[in-house]
Asks: 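Here's a structure for you.
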Amino acid sequence: MRKPFISKVVVDMCVGGGETLNKATTILEALTGQTPVQSIARQTIRDFGIRKKEAIAVRVTLRHEKAVEFLKRALKAKDDALLIRNWDEDGNFAFGISEHIDLPGVKYDPQLGVQGMNITVCLERPGYRVKRRRRQQSKVPWRHRLTPEESMVFVRKEFGIEILEKERERTYMV
């Protein structure tokens with residue numbers, strides 16, 4: 001009853017707008033098998049050339065088996081290692097991939113280029129539905145909430161990843 005599970009994985013590519021947004025849509029659709037949703041800008045930022053209500057990002061929400069399969073591939077791109085600072089207070093975690101071609105089985109396409117992405121993973125326990133349902137909505141008690149430590153144990157056990165306190169030093173010599 002108290003065993004955590006992955007409720008959703010959100011894959012987000014914030015690229016600005018224009019042609020790169022179309023390329024990001026194509027890449028994200030190919031990687032996840034779902035049609036992405038566009039996110040619009042809330043305000044105008046002249047320095048970045050972004051106008052209010054302009055589409056600047058695409059995202060996909062994955063659930064159930066698709067979420068687990070994509071997360072396994074994404075963790076391989078991070079060399080099966082995450083940092084402690086990737087976790088928040090509710091046991092959720094997020095990380096970024098600088099190049100989508102780092103995912104296993106993805107080849108470089110010169111027409112699409114290389115795009116980065118953010119991946120957010122939400123973990124829950126059975127019973128969290130009480131805070132989202134319409135009827136008799138209530139809070140999840142503190143004793144039932146997921147802590148970051150419990151989340152790390154779950155992810156380490158399920159995916160076999162290593163959790164580091166700080167980044168490894170990179171060696172460029174082979």
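Computed from heavy atoms alone, side chains included, the values below leave out hydrogens, waters and symmetry copies.
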Asks: Minimum heavy-atom separation for L146 and Y128, please, with both atom names.
Replies: N-OH, 3.1 Å
Asks: Not counting sequence neighbours, which residues clear ring pair (Phe, Tyr, Trp, His ring centres under 6.0 Å) with F93? List them please.
Replies: W87
Asks: Keeping the roles fixed (side chain from D79, backbone from A81), state whether a donor-acceptor pair exists under 3.5 Å.
Replies: no
Asks: Using side chain to side chain contact (heavy atoms under 4.5 Å, CB included), reason through V140 and E124 one step at a time and then give a plain yes or no.
Replies: CA-CA 11 Å; V140 175; E124 292 181 349; over 6 Å; no
Asks: Apart from V10 itself, what residues make up its hydrophobic cluster, given side-chain heavy atom links below 4.5 Å?
Replies: none
Asks: Applying the 4.5 Å side-chain criterion to the ILVMFWY set and letting contacts propagate, would L82 and L103 be lumped into a single cluster?
Replies: yes
Asks: Would you compute the distance between atom NZ of K66 and atom NE2 of H64 and round it to the nearest 0.5 angstrom?
Replies: 11.0 Å
Asks: Which atom pair, heavy atoms only, marks the closest approach of L123 to S151?
Replies: CD1-OG, 2.7 Å
Asks: Please answer whether the main-chain N or O of H144 pairs with a side-chain N or O of R125 as donor and acceptor at a distance below 3.5 Å.
Replies: yes
Asks: Could you tell me if the side chain of V106 sits less than 4.5 Å from the side chain of L31, heavy atoms only?
Replies: yes
Asks: M152 versus I84: any side-chain heavy-atom pair under 4.5 Å?
Replies: yes
Asks: Taking atom CZ of R132 and atom CD of Q137, what is their separation to the nearest 0.5 Å?
Replies: 10.0 Å
Asks: Using the six-membered ring wherever Trp is involved, compare the ring planes of F159 and F154 and label them parallel, tilted or perpendicular (cut-offs 30° and 60°).
Replies: perpendicular
Asks: Just how far is it from atom CD of Q34 to atom CD of E29, taken to the nearest 0.5 Å?
Replies: 9.5 Å
